[in-house]
Structures are given as structure tokens and as C-alpha cells.
Asks: 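First, the structure itself, so that you have it in front of you.
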Amino acid sequence: MMNKNDQETQQMINNVDLEKTFLGSVEAGQSLPTYTLPDDPMAPDVAAQLVEHYRLNEAKANQNLATFCTTQMEPQADELMKNALNTNAIDKSEYPKTAAMENYCVSMIAHLWGIPDNEKIYDDFIGTSTVGSSEGCMLGGLALLHSWKHRAKAAGFDIEDLHSHKPNLVIMSGYQVVWEKFCTYWNVEMRQVPINGDQVSLDMDHVMDYVDENTIGIIGIEGITYTGSVDDIQTLDNLVTEYNKTATMPVRIHVDAAFGGLFAPFVDGFNPWDFRLKNVVSINVSGHKYGMVYPGLGWIVWRHDTADILPAEMRFQVPYLGKTVDSIAINFSHSGAHISAQYYNFIRFGLSGYKTIMQNVRKVSLKLTAALKTYGIFDILVDGSQLPINCWKLADDAPVGWTLYDLESELAKYGWQVPAYPLPKNRDDVTISRIVVRPSMTMTIADDFLDDLKLAIDGLNHTFGVTTTVDQDNKTTVRS
Ligand SMILES: *Cc1c(COP(=O)(O)O)cnc(C)c1O
């Protein structure tokens, strides 16, 4: 038997132990500090669990069908990244192996994009890792701008005279916001080519009307964020070749391939869109989209066949193993973990591994399209036969009383994020829904989604009193 004193001591010990646990902690009974730093420290386990517990209230990654970003990597890659988190990708003398892996990745990507695989490989292109495509686009745009300035001066333009020579950039109206930032930051006129009819891509009949001697470049988008459709960059290249025959200021193409750039090389169904086209001077991609690395990682590659494609003033010399190398990125310090992870993915999966994975992705996307069609109420805008994006609108004659915004809310009740939004300028009367199929969306997740989609549509039809049913056997729509 413990005496009273012993009991009290034990009780105290128990309480102290409990207070050290997450649920028994004083802090669990208080709101988390949000406004100013707390006065006192707390136990690391408690702090970690409080933060994790809070964070897990975010949506589940598997059900986020809106994002392009990687949310799942192999455990080996997780481990690699954890080990390399404390490195700094910008410090090439302290982390020369990370710098080397960055160069290997740039080379592998350049060759995926049609840089010929010949002896002098490292002379044919130049590139860098970035924090994402936004930084890649910014760099691609800046290279176009600086190059234009050099060429404009050489042609005798007074480039200070913004009335006659304000630089402009030509792009379709469904651009990603980074291009608007680029034009605003650097005082470049953005010339938006409106979309034409149901064609959500750069309008080849009109694009050249927007080009003149002050055009720093045309952006081709290999994967339009809004819909997943692609610009016809091959036709654009032909138009540009024709234009350049007589132009004082030949025009160039930068391809924003943020998500297509590491998908299209692995599957069929794409016309040439990359360095196989001679007017394409630079391409960016997000490593954290179909490169299958966690955010944030991007890449940009320039072809190197004339010196002015990436002007000298954009290359900053930094020390590297007793010599100097070019530093091109805008961001300075950031972890090198992502570079190790990208290099891991490249050597781990290889060409055929990426092909296999992306073919699975395409299969899922095509299955979603087939399922959407069975309802007979949707018009499919992008069907997954090129990039693995599903994009649809309600058919004009769909006998339903609900909108795609209602569908978005209804699916959210089941945890799925499927955004609805208007098309870009000119067609913004049309509302679309979009699903991004990522490698982590296995067929089972897709099946699960489709079950909930059916429940959601039935629910909406019930609420709005609409009578559309699907005959699942012969896949025709019966409307009453
Ligand atoms: C995602 C995306 C971007 C921005 O990429 P981040 O890697 O998120 O910075 C730019 N352009 C297009 C076409 C995109 O889809």
C-alpha cells in the first residue's frame, strides 16, 4: 500500500506525464497562438502534434482534382528530400554535387525536348532549375525582352521612345497569371489574342495580326491551364517562319509547357511543339507537375545556337570548383532537395517508366471522359486524348436546372475539389469544369470519384426536380 504522500507524488508524476502528451497538454486546451509569438516555449512533441493536427484539416490530396502539383512520391524520394532539405541549391561551391545533378537534369530535359543528341551536347542548350514555371516564364520573357532590345538598337530603333517602340508580347487570352505579372513588372504591352469559337487555344488565323517590329516574342502554351488544350505550335512556327522572311525584327517563340512539358514527350498524340521547331528558342516546365516532384521546382532551357538568345547580361558568374559558371535563376537561396528528387525520378523511372506512368494517367483521363459522356448532358471540351485533363460544359439543351457551380458544391460534400469557372475573354459566357488527372489518381480513385459523381448528379436532379436518367446498359440518355 502506498501512503498518502506516495500517492500524491505518483499522481503528480502521472499528471506531469500527461501534460507532456498532446491531448493532456495545457496547450491542447488553449487556442493556438496566431497573432504574436507566445511568451514561452512548449515541448517539441506537443508543438509538432498541434501543428500537424491543425494542418491535417486541409483537404485530402487524393481528392483535390483541381491541382497540377505532385502530392505523392516514392518513400525513397521522401527520404532523399528529407536528407537534402538543409542544402542550398544556389551555392554551387558548397554543394557541387547538387549543382552537377541540376545540370544532368537540364540535359535530360533538353534532349526530351528535341535538342539533338550529338557529341557537343553541353553546347547546344543552356538551362537552369527554378522554383517553378512562374520563375521559368519570367526568365523566358526576360530573355526575349533583352534580346529584342539588343536587336532593336542594332536596327536603329530609339527604344527609349515608348510611344513608337514599347515592347509587346503576344499570347492567347487563356494565359497563366505569371504572364500578366511579367508584362506588368517589365512594362511590356500584353497583346492578348482572343479565343475564337469553341477553340480554346491560340487563334492561328489571327495571331500574326498582333505581331509587329516591337514584338519581343509569341508565347505558345503546351497545356493551357484553363482547359488542358494545347496551342498548335507547329502551325505557329510555320507562320513565324513566313513572317520572318521579310521582317526587320524576326520574331521568336517561347513555349510555356508548365504541365505538358513532362507529359507530351512520353505519350503519342502530339505534333512537334518543342526545339524540333526552329523558331522555338526557350521552353519552361514545372518539375512539380508531371515531373512528379513536390513543389517547388521548375526548369527552363534555351537553345544555344545564337549568342543573343540568352543575352550575356542575364548570366551572372558564380564560383564553382575553382572556376566560374553561369547563374541564371532569379531566386537565390532555396533547398537543393527538389533537384535530388528530380534526378532520382529521372534515373529511377527512365524513359520507359515515365511512359508507363503517363499512359496510366491517360487511361484514367479517358475513362472519366467515357463516364461523363454517359450522362448525355455534358459537352466534352477536352477529352484526355492529349494532355490528361478533363474539361466539360453543360450542353446547351441539357434538361437540368442546376449549374456546374452547383455540381462543384455538391461534389465538395463528398470531399472532391472540381472547380467550375468561366472560359477566358470572348467566351466568358461559358462555364466549364476541369479535372486534372495526376499520376497519383489511380483507377480506383477515379472509380470512387465516379460513384460520388453519380450520387452528386442524382442529388442535384432530385433537388432541382429534373428528370434525366441514364440507361446504364446501352449508355444512352433517357430524358423524360
Ligand atoms: C502551372 C502553370 C504555370 C505556373 O507554374 P508554377 O510552377 O506553379 O509556378 C505557368 N504556366 C502554365 C501554363 C501553368 O499551367
Side-chain angles (χ1 to χ4, degrees), residues 61 64-71 89 105 109 113 127-144 169-185 190 192-193 195 200-202 217-233 236 253-264 270 273-274 280 282-301 329-331 334-335 338-339 341-342 345 361 365 382 386-391 417 419 421 423-424 432 434-439:
N64 183 351
L65 309 189
T67 185
F68 287 91
C69 284
T70 301
T71 53
C105 289
I109 292 170
W113 290 344
T128 181
S129 71
T130 61
V131 167
S133 278
S134 301
E135 189 187 354
C137 294
M138 202 60 80
L139 284 165
L142 280 170
L144 291 175
L169 181 82
V170 175
I171 192 167
M172 64 88 75
S173 56
Y175 55 80
Q176 211 269 355
V177 66
V178 64
W179 291 109
E180 208 171 321
K181 294 185 184 177
F182 168 79
C183 289
T184 305
Y185 294 167
M190 183 183 236
Q192 298 180 43
V193 184
I195 55 176
V200 186
S201 61
L202 188 60
I218 305 174
I219 306 303
I221 311 180
E222 184 69 3
I224 292 159
T225 320
Y226 272 86
T227 57
S229 45
V230 294
D231 284 341
D232 180 357
I233 300 170
L236 178 65
I253 301 170
H254 169 87
V255 179
D256 178 359
F259 65 93
L262 283 171
F263 184 87
F270 296 92
W273 58 275
D274 50 19
V280 171
S282 47
I283 305 174
N284 67 271
V285 70
S286 303
H288 54 228
K289 291 183 178 174
Y290 290 90
M292 299 197 295
V293 178
Y294 300 133
L297 179 70
W299 301 95
I300 177 163
V301 177
I330 297 174
N331 277 283
H334 59 279
S335 174
H338 300 79
I339 291 172
Q342 182 78 80
N345 278 353
V361 170
S365 191
V382 173
Q386 284 192 306
L387 293 172
I389 312 296
N390 293 78
C391 179
Q417 294 183 55
Y421 48 86
L423 279 178
I432 54 170
R434 186 199 69 188
I435 287 179
V436 178
V437 180
R438 297 177 288 132

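Every number for a ligand or one of its atoms is a count from 1 in the order of the listing. Residues: numbered from 1 along the sequence shown.
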Asks: Starting from atom 11 (N) of ligand 1, what is the nearest protein heavy atom, named by residue and atom, and what distance separates them?
Replies: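 Answer for atom 11 (N) of ligand 1: D256 OD2, 2.7 Å.
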Asks: Find all atoms of ligand 1 within a distance of less than 4.0 Å from any non-hydrogen atom belonging to S286, and give their numbers and elements.
Replies: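 Close to S286: 5 (O), 6 (P), 7 (O).
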Asks: Applying the side chain to side chain donor-acceptor pair (under 3.5 Å) criterion to R438, which one of T70, T67, T71 satisfies it?
Replies: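 One option only clears the test, and that one is T71.
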Asks: Cationic tip of K289 within the cone over F68's six-membered ring, i.e. under 6.0 Å and within 45° of the normal?
Replies: yes
Asks: Would you say Q176 and ligand 1 have an N/O pair spaced under 3.5 Å apart?
Replies: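 No, since none of the N or O atoms of Q176 sits under 3.5 Å from an N or O of ligand 1.
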Asks: Describe, in one word, how the ring planes of Y290 and F263 are oriented to each other, choosing from parallel (under 30°), tilted (30 to 60°) and perpendicular (over 60°).
Replies: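 Perpendicular: the ring planes of Y290 and F263 meet at over 60°.
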Asks: Going from CD1 on I300 to CG on D256, what distance comes out if it is rounded to the nearest 0.5 angstrom?
Replies: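 One finds 9.5 Å between CD1 of I300 and CG of D256.
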Asks: Just to check, does F259 reach to within less than 4.0 Å of ligand 1 when the distance is taken from its heavy atoms?
Replies: yes
Asks: Just to confirm my output: which protein heavy-atom neighbour is closest to atom 8 (O) of ligand 1, and how far is it?
Replies: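 For atom 8 (O) of ligand 1, the nearest protein heavy atom is H288 NE2, 3.7 Å.
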Asks: Record the part of K289 in heavy-atom contact with ligand 1 below 4.0 Å; permitted values are side chain, backbone, both and neither.
Replies: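 It is the side chain that touches ligand 1; the backbone stays farther off.
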Asks: Identify, by atom number and element, the atoms of ligand 1 in contact range of G223, meaning under 4.0 Å from any of its heavy atoms.
Replies: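 Under 4.0 Å from G223, ligand 1 has these atoms: 13 (C).
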Asks: What distance separates I389 CD1 from T227 OG1, expressed to the nearest 0.5 Å?
Replies: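 It comes to 8.5 Å.
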Asks: Is S134 in polar range of ligand 1, meaning some N or O pair under 3.5 Å apart?
Replies: yes
Asks: For ligand 1, does A258 get within less than 4.0 Å through its side chain, its backbone, both, or neither, judged by non-hydrogen atoms?
Replies: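 Side chain only; the backbone of A258 stays clear of ligand 1.
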Asks: Determine yes or no for a side-chain-to-main-chain donor-acceptor pair under 3.5 angstrom, with H288 supplying the side chain and G298 the backbone.
Replies: no
Asks: For V131, check side-chain contact (heavy atoms from CB on, under 4.5 Å) against everything at least two apart and list the hits.
Replies: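 Residues passing side-chain contact (heavy atoms from CB on, under 4.5 Å) with V131: E135, N331, H334.
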Asks: Show me which atoms of ligand 1 lie under 4.0 Å from any heavy atom of T225.
Replies: 12 (C), 13 (C), 14 (C), 15 (O)
Asks: Nearest 0.5 Å, what's the CG-OH distance between L142 and Y185?
Replies: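 It is 11.5 Å, given to the nearest 0.5 Å.
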Asks: Does any N or O of ligand 1 fall below 3.5 Å from an N or O anywhere on S133, backbone included?
Replies: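 By distance alone, the answer is yes.
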